[in-house]
Protein chains: 2
Amino acid sequence: MTRRKIVIRRIENMGKRQATFCKRRSGLLKKAQELAILCDVQVAVIVFSSTGRLYEYASSTTTTTTTSMAMASILQKYRSAQEQQQLLNPVSQLMINGDAGYWFQLSVLNGSTKGAACYPPRQRMTSTMEL
Amino acid sequence: MTRRKIVIRRIENMGKRQATFCKRRSGLLKKAQELAILCDVQVAVIVFSSTGRLYEYASSTTTTTTTSMAMASILQKYRSAQEQQQLLNPVSQLMINGDAGYWFQLSVLNGSTKGAACYPPRQRMTSTMEL
DNA sequence: AGCCCTATCTATAAGCT
DNA sequence: TAGCTTATAGATAGGGC
């Protein structure tokens, strides 16, 4: 982007990587806010540094007074959207929404269809789990 | 940014707003991916258009093979981080993590402190709810 | 670890299809 | 409504504190 063009791959030098992280992280959050304001849409961004530190942005509405509330609202909507998608095309993904409270399992095994849906989930399903 | 400088406020013209949304949305998702790769960090972006259409990006790991899984992983981590924050400073927020399975209610009413925590949640709490 | 500087690269507003 | 073009605004790599 600037004094020299760079290739998009992991920056090996730790100091440079940290410096770039600082700059680009702030740039990303700014862009997210601009998008939300300019286009009047809901935007959520979550970033975890390699040390586990959290940076976030969530566009707010009249009913969301804090970042956490705004984020919660968007994540709620995201979960709903994922459910819709799952219902429309149940076999497209073995697992969705690993962190949500809703679970749908639909799979074809040995020529017979087995299905299960429960809320709240009793057990997390993974792609390697035997059904 | 270009032929003319613009102010960051809602674009009133619907056609222009849609066009800008299309461009900036793709720009944001690209920047998110670049940040994740360059700096080797976890990044999640969720965007909902005004019509409710979902656009997303989630940096993947060796254990996340789909976008949904990658997103789930990051949202899981986000929820954990929010819990940590809440435990460190319980009164800082009335509600956190509205879409998660953990709930903490701590509030001061009429001079007396009332607290409650339950999992899984029996009822969603809002900022206007009587405790 | 975070700023400043600034040359350079990238994103994108307008306009047109 | 999604692309294409181009001039210009914005982001940022490298370098120095």
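A note on names: the letters A, B, ... follow the listed sequences, proteins ahead of strands, and every chain is numbered from 1. All values reported here derive from a predicted model rather than from experimental measurement.
For Thr61(A) and Thr63(A), the side-chain atoms include at least one donor-acceptor pair closer than 3.5 Å.
To the nearest angstrom, C1' of dA13(C) lies 11 Å from CG of Leu38(A). If you take CD of Glu34(B) and C1' of dA13(D), they are 13 Å apart, rounded to a whole angstrom. Taking atom CZ of Arg24(A) as the reference point, atom C1' of dG2(C) lies 18 Å away to the nearest angstrom. Atom CD of Gln33(B) is separated from atom P of dT10(C) by 15 Å (rounded to the nearest Å). Rounded to whole Å, atom P of dA1(C) lies 12 Å from atom CZ of Arg25(A).
Taking only distance into account, the side chain of Lys16(B) never meets the base of dA13(C) through a donor-acceptor pair shorter than 3.5 Å. With hydrogens and angles left out, the side chain of Lys30(B) and the base of dA11(C) share no donor-acceptor pair within 3.5 Å. Residue side chain Arg3(B) reaches the base of dT6(D) through a donor-acceptor N/O pair under 3.5 Å, judged by distance alone. Remark: the Thr2(B) side chain and the dA9(D) base include no donor-acceptor N/O pair separated by less than 3.5 Å.
Residue Thr20(A) has a polar side-chain atom (N or O) positioned under 4.0 Å from OP1 or OP2 of dA13(D). Residue Lys31(A) places at least one side-chain N or O closer than 4.0 Å to OP1 or OP2 of dT12(C). Dashed line: the shortest gap from a side-chain N or O of Arg4(B) to OP1 or OP2 of dG15(C) is not under 4.0 Å.
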* To do: Go through the steps for Ile46(A) and Met71(A) under the test side-chain contact (heavy atoms from CB on, under 4.5 Å), then give the verdict.
  => CA-CA 9 Å; Ile46(A) 294 172; Met71(A) 184 63 80; 3.6 Å; yes
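Side chain of Arg10(B) to main chain of Ile37(A): no donor-acceptor pair is present (N/O by atom type, distance under 3.5 Å, no hydrogens or angles).
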